[in-house]
Amino acid sequence: MKYTGINIGPITATLSMAKRPRELWSASYMFSHLMKCIIDSIPADRKILSPSSDILKGGTSNVGLYPDRIFIEGDIDCPAVEKKAMEKFLADTGLGCPGYFNIMSVQCEAEKAAQSISQLNRKLDIAELFNMPKSDSDRESILKFIQDKANPLFKIATGQAVSSVPSLGEIAAAGKKERDGWKKFITAMNDENPETDPYKEAFRNDFKSRDKYICVVQADGDNMGKTFSNPALSDQSLKMLSEKLLEFGKKACKVISDYGGLPVYAGGDDLLFFAPVSIDNGRMTIFDLVEKIDSECFRDIADSVKNLGLKYKDSNGTEKESVPSMSYGISITYYKYPLYEALSNATGLLFEAKAVKGKNALAWEIVKHSGSSFKASISRSIPGFKEKLQNLIRQTTDGNTVSAVSHKMREFQDLVDVVLHSMDETRVKSMFKYIFECTDSGYFDAVKEMMQVIYGQFGDTGTGDMMFNMLRTAKFIKGEDPDHD
């Protein structure tokens, strides 16, 4: 049986042009709509393996749900499909630069659909390396298009002729939406040259430093490629998983929106979104949002794959169970920080998360307005980690105490390693009492518990630095950092 794969681009280069959430949304949705036009141009007698054919069942979506690759059972006239799709795309968008877009198609022979996906992915990966350079005029046309507040994509996606995508400052402060000063805040944010700080103008001093920071999050499924290309996967199971991936994207968008975030892209197992650091007066944080996406949206996929009992061999030839999970790269920056840099940071952090042993990981970096930064990457599979992190954030109450403990922890790092290595509770208590000068409290108990979890994972070589960054992260997320802006 012959199979066909189609890939579109240049996505990364186009997203990097965006300076505002509105522009990033337009760039992303533009490619999603191009893929829709391609899918609509495929002959009706050809079966699309992935994504699910029910993407827009029930209406349109204001988030890009179409992935950058599709896989089709059978042989198709790719040039004819590409020509028809591009004509429809240009008519819908009003763009006049077809040469800017890459539509790459490859084919292979395989006995089963799952086997074909592995082959087609490899071929498309190679094809992407040979993208042709774009002319300056084409790039200018695309830049002008995504910057236009009234480009046709908004009408296609939402029925509204003009963008309603919020600014980075609005998203960062989403937890303040119910406050009396919200309308005043939006007005001040829309002022190109505000004479006063919009936060202080609207909320006086009733805000935390974290309310000025935005999370740019990129997420990706772990082991999904191994799952979808597993030779034991039947065509029926492949269809079922494709449908569940579609539902995952839709559910994730709702959870993100309910939190106050802005979903930009949700194609397959990939997510790109903006979100505030915390909402509900700090009772729900970006880390809670990640766990909610997992528990309420991705759990169905993980359980379905587990029930299939699929196996694969790792690089050492060891047979393992195929267990999908999600990894996240979270870039947290000041709301005036350049968007393209924050987006690039999130991409790099996702790669760091995917490199964590066992995956199912978080990698985050907080870049302060002052220029200082700190980062961490860790598997969410570590027993007790998620609960201990939540408790550490919750118990953090005094910025000065946090600073004192974290700096002493770094100063006496060798002693910390020796005490933790001994696994002696009496020594741990003595260290906190005489070295850190800590009295009994919920915060110090939370620190001790987190230290023991971190040491169990990183040992003598990484516990000190990781704990230092954990304490600073908890302090920042809780909002105990002073506002120096």
Side-chain angles (χ1 to χ4, degrees), residues 11 14-37 40 55-56 58-66 88-97 100-101 138-179 181-194 198-199 201-202 214 216 249-250 253-254 256-267 271-276 335-336 338-340 342-343:
I11 294 177
T14 308
L15 296 183
S16 68
M17 296 181 185
K19 295 182 179 180
R20 298 176 177 85
R22 180 187 74 243
E23 296 169 15
L24 187 65
W25 180 94
S26 290
S28 175
Y29 200 90
M30 178 176 67
F31 285 103
S32 180
H33 189 66
L34 174 57
M35 183 56 78
K36 179 184 185 302
C37 292
D40 290 345
I55 283 186
L56 290 184
T60 60
S61 171
N62 60 0
V63 179
L65 295 176
Y66 287 87
K88 177 69 166 61
F89 174 74
L90 296 178
D92 287 348
T93 60
L95 284 165
C97 49
Y100 180 83
F101 299 93
D138 281 352
R139 283 197 295 269
E140 285 297 319
S141 295
I142 295 298
L143 179 59
K144 183 178 179 181
F145 180 79
I146 66 174
Q147 289 177 337
D148 186 357
K149 295 180 180 179
N151 72 56
L153 295 175
F154 298 112
K155 185 72 173 179
I156 293 170
T158 68
Q160 300 177 10
V162 180
S163 165
S164 59
V165 177
S167 68
L168 289 176
E170 290 175 56
I171 300 169
K176 301 288 184 186
K177 277 188 177 181
E178 303 304 319
R179 301 294 177 90
W182 182 251
K183 289 184 179 179
K184 190 174 184 180
F185 174 73
I186 298 302
T187 300
M189 270 292 171
N190 290 332
D191 188 343
E192 293 291 338
N193 298 294
Y199 288 81
E201 178 74 15
I214 187 77
V216 181
K250 291 180 177 180
C253 287
K254 184 178 187 310
I256 293 164
S257 297
D258 289 347
Y259 175 80
L262 173 70
V264 176
Y265 174 73
L271 296 176
L272 170 60
F273 62 92
F274 298 102
Y335 78 100
K336 291 184 179 180
L339 177 57
Y340 70 91
L343 183 62

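All residue numbers in this chain count up from 1 along the given sequence. Atoms considered below: every heavy atom in the structure, side chains included; atoms not considered: hydrogens, waters and symmetry mates.
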- Message: Using the side chain to side chain donor-acceptor pair (under 3.5 Å) criterion, which residues pair with Ser28? Sequence neighbours excluded.
- Response: none

- Query: If you look at every heavy atom in Ala174 and Pro276, which pair is closest and at what distance?
  - Reply: CB-CG, 4.0 Å

- Message: Applying side-chain contact (heavy atoms from CB on, under 4.5 Å), can you list everything that pairs with Gln160, at least two apart in sequence or on another chain?
- Response: Thr158, Ser164

- Item | side chain to side chain donor-acceptor pair (under 3.5 Å) partners of Tyr259, counting only residues at least two apart | none

- Hey, does Tyr100 have a side-chain heavy atom less than 4.5 Å from the side chain of Arg139? yes

- Task: Mind checking the CD-CE spacing from Glu140 to Met17? Nearest 0.5 Å is all I need.
- Result: 8.5 Å

- Note on the structure: In terms of heavy-atom contacts, Leu65 and Ala266 come closest through CD2-O, 3.4 Å

- Item | Nearest atoms (heavy-atom pairs only) where Met189 meets Gly169 | CE-CA, 3.7 Å

- Message: Quick check: closest heavy atoms across Val216 and Ala342, and the distance to 0.1 Å?
- Response: CG2-CB, 3.9 Å

- Note on the structure: For Glu23, the salt bridge (Lys or Arg N to Asp or Glu O under 4.0 Å) test, sequence neighbours excluded, returns Arg20

- Quick one: pull up OG in Ser141 and CD1 in Ile146 and give me the separation to the nearest 0.5 Å. 11.5 Å

- Excluding sequence neighbours, so at least two apart, what forms salt bridge (Lys or Arg N to Asp or Glu O under 4.0 Å) with Lys336? none

- To the nearest 0.5 Å, tell me how far Leu168 CG sits from Ile214 CD1. 5.5 Å

- Hits for side-chain contact (heavy atoms from CB on, under 4.5 Å) against Asp92, two or more places apart or cross-chain, chain-then-number order -> His33, Cys37, Lys88, Ile156

- Lys254 meets the side chain to side chain donor-acceptor pair (under 3.5 Å) criterion, sequence neighbours left out, with Asp258

- Item | Tyr199: partners by ring-ring contact (aromatic ring centres under 6.0 Å, His included), with sequence neighbours left out | Phe185, Phe207, Tyr335

- Grab the two heavy atoms, one from Leu24 and one from Val264, that are nearest each other, plus how far apart they are. O-CG1, 4.0 Å

- Query: Who pairs with Ser26 by side chain to side chain donor-acceptor pair (under 3.5 Å), at least two apart in sequence or on another chain?
  - Reply: Asn151

- Item | Over all atoms of both residues, closest heavy-atom pair of Glu170 and Trp182 | O-CH2, 3.5 Å

- Query: Who pairs with Leu95 by side-chain contact (heavy atoms from CB on, under 4.5 Å), at least two apart in sequence or on another chain?
  - Reply: Met30, Phe89, Leu90, Thr93, Cys97, Phe101, Ile142, Phe145

- Are the side chains of Leu153 and Trp25 in touch, meaning some heavy atoms are under 4.5 Å apart? yes

- Item | Residue pair Ile171 / Phe273, side-chain heavy-atom distance below 4.5 Å | no

- Can you name the residues that form a side-chain contact (heavy atoms from CB on, under 4.5 Å) with Ser163, not counting sequence neighbours? Arg22, Phe154, Val165

- Spatial distance of atom OH (Tyr265) from atom CD1 (Ile11) [nearest 0.5 Å]: 6.5 Å

- Under a 4.5 Å cut-off applied to non-hydrogen side-chain atoms, are Ser257 and Pro263 in contact? yes

